[in-house]
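Note that this is a predicted model, so its numbers are computed, not measured.
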Amino acid sequence: MSAPTTTTTPSAPMLEVRDLNAYYGKSHILQGVNISVGAGEVVSLLGRNGVGRSTTIKAIMGEVAPVGTVNFKGRSIVGLPSYKIARLGLGYVPENRDIFPTLTVRQNLALGQKQANVDGRWKLQDMLDRFPNLARRAETAAGVLSGGEKQMLTMCRTLMGDPDLIMIDEPTEGLAPLIVKQVGELISEIAARGLAILLVEQKLSIALDISSRIYVMGHGHVVFEGTPKDLAANADVRREWLEV
Amino acid sequence: MGRASSLPLNLWDGATGNWVVSFGTQHFLIKRRGNVLELVLISTLNGVLYGLLLFLMASGLTLIFSMMGVLNFAHASFYMLGAFVGYQISKWAGFWPGLIFAPLIVGGVGMLVERFGLRNVHKNGHVAELLFTFGLAFVMEELVQIVWGKAPVDYRVPALLDFSAFTIFSTNYPAYKLFMLAISLAIFVGLFAMLTRTRVGLIVQAALTHPNMVAHLGHNVPLIFMLVFGVGAGLAAIAGVIAGPALVTQSTMAGLLGPILFVIVVVGGLGSLSGALVASLLIGLLQTFAISSNVSMADLFSFSGFAPQPNTILNDLWRVSVAQIAPILPYLLLVLMLIFRPTGLMGNRES
């Protein structure tokens, strides 16, 4: 017997972006972007610099005014203030590692929680146990951390808010190979815990490793959509839109 | 005066309270009225008190600027409004209810201004916001004049505190001034404790530099803006309530103090709370000492034998005392600061 779930739309993705446009002044940056991320799915957004990957994420969060359809968990989030979007369970790790420099590492993590002392899937002590570098500096002002530590802290801080989908913008940019490996491991663990991920990356290897689907962007819209295997097989797309 | 020194030195003669300026074997006497020790003690107390009062206002101004990017021209108007509302409540119910309710009322007004004024104007950019607060200052001054008139109102020190706390030499120091000092200190300590020890304070601190990121973590940043604006207005009102009886409660009091607040915020470094504290005390002490000093160029250089022709502009300038130029000293400091250290004492902003 089939489950009576026909009235709802169980196959609707957690995040659905349709015909998304965005402008910086008169520049038409996003020209009808279509992407979707299902619950628990790991999706990467690839492309060269300046094709609109970061702007796509910013438009989803409302930091850049979005024109088009953005649905999260079945409701439209276009025009919502970003704190309300965050409270719906959409986490955002911006590319500029916006740690709070005057606060300590512990305080930074604590502010990731949407309410004081309400633990979700991620607990403050777990974070410190997992990352000795952060634990050692728990009471230090976060402004003195290294670039890699700041990246870890930003991701951990957003995780403290217990999001269901986390959007991570260029987490490995400018980091040493060893740190890149750690960031990759953390992303894998986020995925293993069942969170959906929308990852903007330059490094093809990480995206190919952990993604279930990949979008490639060029000139403000999606030019390729497929599995990592599809992309690996498609040298034309890689040459035209990814390789430098 | 039997003081001698091989170096040019300023020596204070404790016995007479005079300054003796010695160059080699030449001694020059600068006569003072009163006791210099007394002057220094009283001026220091008054300077710290004035500085802390300024900090009550400058702290809110610098927090609001840092967080919202709005230089609030109407900030001193909340100080004035606090004094008048406190006066009105004191007429009905006495000084003490005024001290409690006037800041709450003015803080509420501040929140309404943010929620229904600034938040709407914000969409049109910073120039619109500046013009909005600029206009608001005029509106508030006019409204206060309509309600309470242009003349100073009779805002009295409460009878409970209307006595002399102690006497240094010949100066009676009013108990009310000590009370002002205590209130300002208590609020300063409370403000720092709140900002560094509570979760709301940490969110405010984070929003000072990264308001967008704070919102992305799910904190209601517009609400925090409104609260900070309200608390800033309330702090200014507390300054108004406690300064009103000691100074003059009049509709011009905002215009008199407003420019000094901007000097403090710039000298301390835009957005720096500790910078605002240091600059407040600096300006407070500078102005208090300046107005009690009647030294002029003529006094300082009397040893040179130089004296300008009488009845010339140079002669007038030569005889201008520090007390006479006291009001422009803060602005002089502002100009020097902008030339030599544009970020302010503790500021770290590039823009």
Side-chain angles (χ1 to χ4, degrees), chain A residues 57-58 60-65 77 80-118 120 139 141-143 150 153-164 166-169, chain B residues 59 62-63 66-69 114-115 118-120 122-125 191-228 268-277 343 346-350:
Chain A
I57 291 193
K58 283 179 185 160
I60 292 169
M61 284 312 282
E63 194 158 291
V64 175
I77 58 170
L80 276 190
S82 41
Y83 78 91
K84 282 192 179 160
I85 298 176
R87 285 182 186 179
L88 289 173
L90 185 50
Y92 170 44
V93 181
E95 63 184 321
N96 43 12
R97 297 164 198 161
D98 274 335
I99 50 127
F100 307 133
T102 56
L103 304 188
T104 66
V105 168
R106 187 187 295 279
Q107 288 169 336
N108 265 274
L109 289 173
L111 286 195
Q113 291 177 309
K114 294 187 176 75
Q115 286 172 335
N117 305 315
V118 177
E139 313 305 332
K150 282 180 183 167
L153 180 58
T154 340
M155 289 168 64
C156 291
R157 185 180 59 186
T158 298
L159 290 172
M160 291 294 293
D162 203 18
D164 299 313
I166 183 167
M167 303 192 293
I168 312 174
D169 197 354
Chain B
S59 55
T62 206
L63 282 184
S66 191
M67 193 176 278
M68 310 184 209
E114 198 283 330
R115 177 63 187 85
L118 270 181
R119 199 178 294 183
N120 292 325
H122 179 75
K123 301 181 191 89
N124 304 318
L191 189 64
F192 262 84
M194 201 213 75
L195 275 176
T196 53
R197 300 254 185 276
T198 69
R199 186 173 161 85
V200 172
L202 293 181
I203 295 174
V204 169
Q205 274 198 62
L208 285 179
T209 49
H210 297 88
N212 288 346
M213 191 64 233
V214 174
H216 292 321
L217 293 176
H219 302 297
N220 189 341
V221 170
L223 179 71
I224 290 164
F225 279 9
M226 190 175 87
L227 282 177
V228 168
L270 284 166
S272 163
L273 206 55
S274 40
L277 176 67
T343 53
M346 305 200 179
N348 45 17
R349 283 179 172 258
E350 281 86 42

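- No donor-acceptor distance shorter than 3.5 angstrom exists from the side chain of A:Lys58 to the backbone of A:Glu63, with no hydrogens or angles considered.
- Both the backbone and the side chain of A:Gln113 have a heavy atom closer than 4.5 Å to some heavy atom of chain B.
- Using a 4.5 Å cut-off between heavy atoms, A:Ile99 contacts chain B through its backbone alone, with no side-chain atom that close.
- Taking the six-membered ring where the residue is Trp, A:Tyr92 and B:His216 present perpendicular rings, their angle passing 60° and hence far from 30°.
- Only the side chain of A:Leu103 comes within contact range of chain B, judged by heavy atoms closer than 4.5 Å.
- Shown here for A:Leu109 and A:Arg157, the closest heavy-atom pair between the two residues is CD2-N, 3.8 Å.
- Listed here is the closest heavy atom pair of B:Arg119 and B:Leu223: NH2-N, 4.3 Å.
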